[in-house]
Amino acid sequence: MSPERISRARNIDADVVVIGGGLCGMAAAVAAAEKGAGVALLEKKGGPGGNSAFVVGIFGAASPAQRRLGIDTPPDGLFKMGMDYAHWKINPRILRAFIQKSGDTIGWLEARGIRFDNIPPLYPGHVIRTWHSTTARNVGPVILKALRQDAERRGVRLYFHTSAKKILTGGAGGVTGVLAEVKGQELRITARAVIIATGGYGGSPELLKKYRPSYRESMIYLGLPHLKGEGLLMATAIGAATEGLGTLVLHTHFYPGTSDVNGLAQEPATLWVNANGRRFADETLTFQPTECGNAIDRQPEKLVYALFDEGIKNRVVAEGLHKGDVGGKPGTAGTIPANLDTELRAEAARGGVRISDDWGDIAGWMGAAPEVLRATIDEYNRFCERGHDELFDKDRRYLLALRTPPYYAVRCHLCFLTTVGGIKINHRMEVLNGQDEPIPGLYAGGDTTGGWEGDTYCIRLTGTTSGFAVNSGRIAGENAAARVLNK
Ligand SMILES: Cc1cc2nc3c(=O)[nH]c(=O)nc-3n(C[C@H](O)[C@H](O)[C@H](O)COP(=O)(O)OP(=O)(O)OC[C@H]3O[C@@H](n4cnc5c(N)ncnc54)[C@H](O)[C@@H]3O)c2cc1C
C-alpha cells in the first residue's frame with residue numbers, strides 16, 4: 001500500500017469484525033454482541049443478503065417449532081445419518097456441534113419475532129422433517145431482517161458498500177484486524193477477532209475451474225454473481241488450510257427460459273436423455289435434487305434433454321406438476337402450468353426447445369445419432385407398456401410411453417446453488433492452519449468453509465446449508481466474543 005493511501009485510510013476499533021452480511025455474518029454479529037463484544041460488520045453490498053436471501057427453509061433438529069408440530073427429529077439419529085451419508089469423510093465434531101445447536105437456534109430466531117409454523121417434507125416419502133419455513137415464500141429475508149434489527153438494537157456497527165480486502169496479522173501470527181475499502185477509500189479496522197462469512201465462490205468461474213476440474217461453463221449457477229470467494233482467498237493468504245474445495249450443491253437440471261417449461265422438464269413422467277441420446281437415470285431422481293445432480297454431472301457437457309409427447313404434456317396440464325419448481329415453496333407441486341403451450345412455442349422460437357413429429361429431426365437438433373435416440377425411445381416405450389423399467393426400475397406410475405406427436409425436447413443444464421468447500425475450520429469455527437492448529441483470533445462459517453458437508457449435499461437433512469450458516473455464525477460469534485472478553 002502506498003504511503004499516500006495509508007494517510008487517507010480511516011481507522012476504527014472493534015472487538016470483533018465480521019466480514020459478510022448473509023445469514024452467517026448476521027448471526028455471528030448478533031451472537032458476539034449478545035455476549036457483550038463491540039462488533040463491526042462489513043458487507044460489500046448495500047444491505048444484508050447474499051445467497052441467504054434465496055433461502056426457502058432452514059434446518060433445525062429438536063426445535064421448539066418441531067415440538068409444537070409433534071415432529072420427532074432426535075439429533076443423535078440425524079448426526080449418524082449425516083456422517084453415514086458423508087462416509088465419515090467430514091469432521092464429525094463440526095456436524096455434531098451444528099446439529100446439536102440447531103434446535104436452540106430455531107428458538108433463538110423465534111425469540112426475535114419469527115414463527116416457524118411450516119416444516120414440510122421436501123419430496124414424496126421424505127420423513128425427516130427439518131426444513132423450517134414460515135408463511136413467507138422465502139424465509140431467508142425474514143431472518144435477515146430480524147437479525148439486522150437486533151444487530152442495530154445491540155449497537156453493531158454495520159458498514160455497507162464496504163469490501164474487506166485483507167486480514168491483518170500481528171507478530172505472533174494472530175489476527176489484528178481487517179483492511180477494507182469503501183467508495184475507493186481504505187478503512188482499517190483494528191480488532192482481536194475476525195469472522196469470515198463471505199459465502200461461496202459460485203460467482204467465480206476461475207475458482208470453479210481451479211478447484212473443480214470437471215466444472216463446465218454450460219452449468220448454471222443459481223446464486224449471486226458477486227460471491228467470488230474473497231474470504232477464502234484472504235484466509236489462505238495468511239496461512240489458512242482448506243477442506244472440501246470443489247464441492248458444489250448440485251441441484252438437478254434447469255431450463256434457463258420460462259418457468260412452466262422448466263417445471264415440466266423436471267417432471268418424473270418425462271424421459272431424460274443425454275446429448276448422445278442415451279437414457280442415464282430413473283427420472284424420479286428429480287425428487288432428490290442433489291443426487292440427481294450427480295447423475296447429470298456424469299453426462300457429456302452436463303446437458304439433459306427432457307423428452308415428452310403431446311399426451312404427457314396434456315396430462316401434466318390436467319393434473320398439475322408432481323414436483324414443482326427448483327427451490328420452490330413447498331406446495332408448488334400441484335401447480336397447473338397454465339401457460340405451457342404458449343411458453344413451449346416461444347422457447348422453440350428461441351432455440352431451447354424442439355417440437356416435431358419426427359424423432360429423427362429432434363435427434364438432429366440435439367446433435368445425437370438418430371438411431372441411438374430412436375433405440376432409446378423404443379426401449380423406454382417397451383418398458384412403459386410392460387409396466388417395468390428393466391434398466392432403472394422407475395416407479396411404474398410415471399412410466400408413460402411417448403407415442404402421440406408432436407414430440408418435445410427441452411435442453412436443460414446442470415445447475416448448482418452454491419459451493420460448500422473452503423476454509424478449514426474446527427467445531428469452534430476457528431480457522432485452522434496447515435498444522436491443524438487455530439490461527440489465533442480467526443473464525444469462519446457458512447459457505448466459505450469446508451469439512452461439514454461431504455461430496456454430495458445431504459438433502460435428507462433438508463436446509464443444512466442455511467442451517468449451517470446461521471449456526472456456525474452463532475458459534476463463531478460466541479467464541480470470538482469469549483476470546484476478546486477473556487471469558
Ligand atoms: C436459489 C437458492 C436457493 C437456496 N435455498 C436454500 C434453502 O431453501 N435452504 C438452505 O438451507 N439453503 C438454501 N440455499 C443455500 C443458502 O442460500 C446458502 O448456503 C447460505 O445462505 C449461505 O450463507 P452465507 O452467510 O454463508 O453466505 P451468503 O448468504 O452468500 O452471504 C455472504 C455475504 O458476504 C458478502 N461478501 C462477500 N465478499 C465480501 C467482502 N470481501 N467484503 C464484505 N462482504 C463480502 C456478500 O455480499 C454476501 O452478502 C439456496 C441457495 C440458492 C442460490
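Everything quoted here is computed from the prediction, not taken from an experiment. When a ligand or atom number is given, it counts from 1 through the structure's own listing order.
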Practice prompt. Please check if atom NZ in K101 has more than 12 non-hydrogen atoms from other residues, nucleotides or ligands closer than 6.0 Å.
Written response: yes
Worksheet item: Of all the atoms in ligand 1, which lie at a distance below 4.0 Å from a heavy atom belonging to G49?
Response: 29 (O), 49 (O)
Discussion item. Within ligand 1, which atoms have a heavy atom of S163 less than 4.0 Å away?
Written reply: 42 (N)
Worksheet entry | Atom indices of ligand 1 within 4.0 angstrom of E230 heavy atoms, with elements | 38 (N), 39 (C), 40 (C), 41 (N)
Discussion item. Taking only non-hydrogen atoms of T162, do any sit less than 4.0 angstrom from ligand 1?
Written reply: yes
Fill in: Under the salt bridge (charged side-chain N to carboxylate O under 4.0 Å, His left out) test, residues paired with D436 that sit two or more places apart
K424
Practice prompt. Could you tell me whether R96 sits above the aromatic face of F79, with NZ or CZ closer than 6.0 angstrom to the six-membered ring centre and within 45 degrees of the axis?
Written response: yes
Worksheet item: If you measure from each non-hydrogen atom of L227 to ligand 1, which part falls under 4.0 Å: side chain, backbone, both or neither?
Response: side chain
Item to complete: Over 60° means perpendicular and under 30° means parallel, so classify the ring planes of F59 and F98, tilted if in between.
Response: tilted
Practice prompt. Determine the minimum heavy-atom distance between L109 and I58, stating which atoms define it.
Written response: CD1-CD1, 4.4 Å
Practice prompt. Show which atoms of ligand 1 fall inside a sub-4.0 Å distance from at least one heavy-atom site of G223.
Written response: 53 (C)
Fill in: Enumerated ligand 1 atoms positioned under 4.0 Å from heavy atoms of L222
53 (C)
Worksheet entry | Numbered atoms and elements of ligand 1 in range of G446, under 4.0 angstrom, heavy atoms | 26 (O)
Practice prompt. Could you go through the side-chain contact (heavy atoms from CB on, under 4.5 Å) check for F287 and K323 one step at a time?
Written response: CA-CA 7 Å; F287 294 121; K323 181 185 177 199; 3.9 Å; yes
Worksheet item: So is I58 in contact with ligand 1, going by heavy-atom distances below 4.0 Å?
Response: no
Worksheet item: Which part of H226 is near ligand 1, with near meaning a heavy atom under 4.0 Å away: side chain, backbone, both or neither?
Response: side chain
Worksheet entry | Side-chain ion pair, R112 and E34, N-O less than 4.0 Å | yes
Fill in: Residue A469 vicinity, atoms of ligand 1 by number, heavy atom under 4.0 Å
23 (O)
Fill in: Smallest separation among heavy atoms of A164 and V178, with atom names
CB-CG1, 3.8 Å
